[in-house]
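Worksheet for the structure shown next.
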Amino acid sequence: MINILNAQQLQTGIVQYPEYGVQFTIPNGWFGKEMNDGYAMQSQTETGLVMLIVNELKTINSLKEEFSKNIVEEGISLTPENNIEVKTNYVKRYYTGTADGQAVKVLAYGCLNPNGYGVTAMIMTRTNDFSDVHKSTLLKIKNSLKLTKPKVNESFNASICKRELSGKRLKHEKNTFSPGGVGGLSGSYSVTRIIDLCASGTFMYYGGSNVSVESENAHGYSGGTQDNQGEWEFKDEAGKVFLYLHYNNGESRYYHVTYGEDGGTYLDNTRYYRLNLKCN
């Protein structure tokens, strides 16, 4: 199991993630730190590790189904015990298994947030060490949870992007050219991507590449284009803005949207130029 007690900038007290709509309180005697895959807590006097991770499950049935699965990750293998407690806004279950080769026991709560992200909270310790202290510690954390609607960035959010990019053409174009030399090859390569965001909420996507190669003895050309359409929308997710393209064939793609210091529009860190558009 991980050890965070020697880490820098450990937290105590109230922890807030307004971009997820999540707030909780670290119990007295415990210390917390944000990790890549969630939020961890440990104590200098009690054994065990607490982990909190956000979830996007929206119903009790989906939580119950999730809590009925084995948990298998690197160095960890857990199996749910028979009894599961199901309430209107949370589920509770025990697990047993191994972590880093040690026998462990886990208590977990899955909490719903109908307005945003829910939270899965669990405490893990060696099987022989598990006690009522671990149960009460996790219950305190679960009871301290305040789950609300995620707050958006007031200066840059989905509503702003919708207002500014609706009815616009977003175009990315990249061209390269190699002049070659005497008796050598010369050629060019170009990539073009166009997303037409019609004010009606529909889109047209055009994407293609062209490659041409020429020499004293040969020349060639290859290229391709594609034309797709569907409906678009901007979403606020965890403090970021995403453009979703829902294609008529049932496929969906999404792009992380940012505005650069140059005022340009970027999709997944790729510059797209904003052009006026007339949709049929």
Side-chain angles (χ1 to χ4, degrees), residues 11-43 46 48-73 76 78-97 99 104-125 130-153 157-158 233 235-240 242 244 254:
Q11 293 176 287
T12 59
I14 296 175
V15 179
Q16 296 177 313
Y17 288 98
E19 68 272 24
Y20 290 106
V22 173
Q23 175 182 306
F24 56 88
T25 301
I26 300 173
N28 290 335
W30 289 74
F31 302 86
K33 184 174 178 61
E34 183 176 332
M35 311 296 289
N36 290 334
D37 53 354
Y39 195 92
M41 301 181 209
Q42 280 184 317
S43 169
E46 302 294 339
L49 172 72
V50 174
M51 283 294 297
L52 274 70
I53 57 175
V54 296
N55 67 62
E56 299 183 61
L57 302 175
K58 298 300 182 184
T59 67
I60 282 295
N61 283 338
S62 60
L63 265 178
K64 183 179 178 181
E65 181 180 351
E66 188 68 19
F67 270 55
S68 298
K69 299 177 182 177
N70 294 338
I71 300 175
V72 180
E73 299 178 4
I76 297 176
L78 303 174
T79 301
E81 295 186 350
N82 289 332
N83 295 330
I84 181 172
E85 183 178 321
V86 181
K87 300 295 184 181
T88 57
N89 61 346
Y90 75 87
V91 298
K92 171 186 175 183
R93 193 159 211 171
Y94 289 92
Y95 297 78
T96 55
V104 295
K105 185 166 185 174
V106 173
L107 170 61
Y109 287 95
C111 303
L112 287 181
N113 179 8
N115 299 309
Y117 291 86
V119 171
T120 297
M122 58 180 64
I123 189 166
M124 174 191 295
T125 189
F130 196 92
S131 69
D132 288 341
V133 172
H134 298 95
K135 298 178 187 178
S136 63
T137 296
L138 193 64
L139 183 60
K140 288 177 184 177
I141 296 170
K142 180 258 181 187
N143 288 341
S144 77
L145 279 170
K146 294 183 179 179
L147 303 177
T148 60
K149 186 176 181 179
K151 293 184 178 179
V152 301
N153 184 337
N157 55 53
E233 64 173 333
K235 287 185 178 182
D236 293 302
E237 296 183 357
K240 298 179 181 179
F242 292 87
Y244 278 81
Y254 63 89

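On a predicted model such as this, the values are computed, not experimentally measured, just so you know. FYI, the numbering just counts along the sequence from 1.
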Are the side chain of [X] and the backbone of [Y] linked by a donor-acceptor contact shorter than 3.5 Å?
| X | Y | answer |
| --- | --- | --- |
| Asn113 | Thr148 | yes |
| Arg93 | Glu81 | yes |
| Asp236 | Ala158 | yes |
| Ser43 | Gly29 | yes |
| Lys64 | Glu85 | no |

- Task: Verify side-chain contact (heavy atoms from CB on, under 4.5 Å) between Val15 and Glu34, making sure each step is shown before the conclusion.
- Result: CA-CA 10 Å; Val15 179; Glu34 183 176 332; over 6 Å; no

Straight-line distance of [X] [atom1] to [Y] [atom2], nearest 0.5 Å:
| X | Y | atom1 | atom2 | result |
| --- | --- | --- | --- | --- |
| Tyr244 | Glu233 | OH | CD | 8.0 Å |
| Lys140 | Ile26 | NZ | CD1 | 13.5 Å |
| Trp30 | Thr12 | CH2 | OG1 | 14.5 Å |
| Phe24 | Lys142 | CZ | NZ | 15.5 Å |

- Query: Only one of Ile84, Asn89, Leu57, Val86 forms a side-chain contact (heavy atoms from CB on, under 4.5 Å) with Leu63, so which one is it?
  - Reply: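 Filter result, single survivor: Leu57.
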
- Message: Under the criterion side-chain contact (heavy atoms from CB on, under 4.5 Å), I'd like the reasoning laid out for Tyr39 against Val119: C-alpha separation, chi angles, the key distance, then a yes or no.
- Response: CA-CA 11 Å; Tyr39 195 92; Val119 171; over 6 Å; no

- Run the side-chain contact (heavy atoms from CB on, under 4.5 Å) check on Met41 and Thr137 step by step: do they pass? CA-CA 11 Å; Met41 301 181 209; Thr137 296; over 6 Å; no

- Which class fits the ring pair Tyr17 and Tyr20: parallel under 30°, tilted 30 to 60°, perpendicular over 60°?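 Perpendicular: the ring planes of Tyr17 and Tyr20 meet at over 60°.
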
- Minimum side-chain heavy-atom gap Thr120-Cys111 below 4.5 Å: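 They are not in side-chain contact.
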
- pair Tyr109-Leu139: side-chain heavy atoms closer than 4.5 Å: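 In contact.
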
- Evaluate the side-chain contact (heavy atoms from CB on, under 4.5 Å) criterion for residues Glu56 and Tyr117: first the C-alpha distance (whole Å), next the side-chain angles of each, then the deciding distance (0.1 Å), finally the verdict. CA-CA 5 Å; Glu56 299 183 61; Tyr117 291 86; 3.6 Å; yes

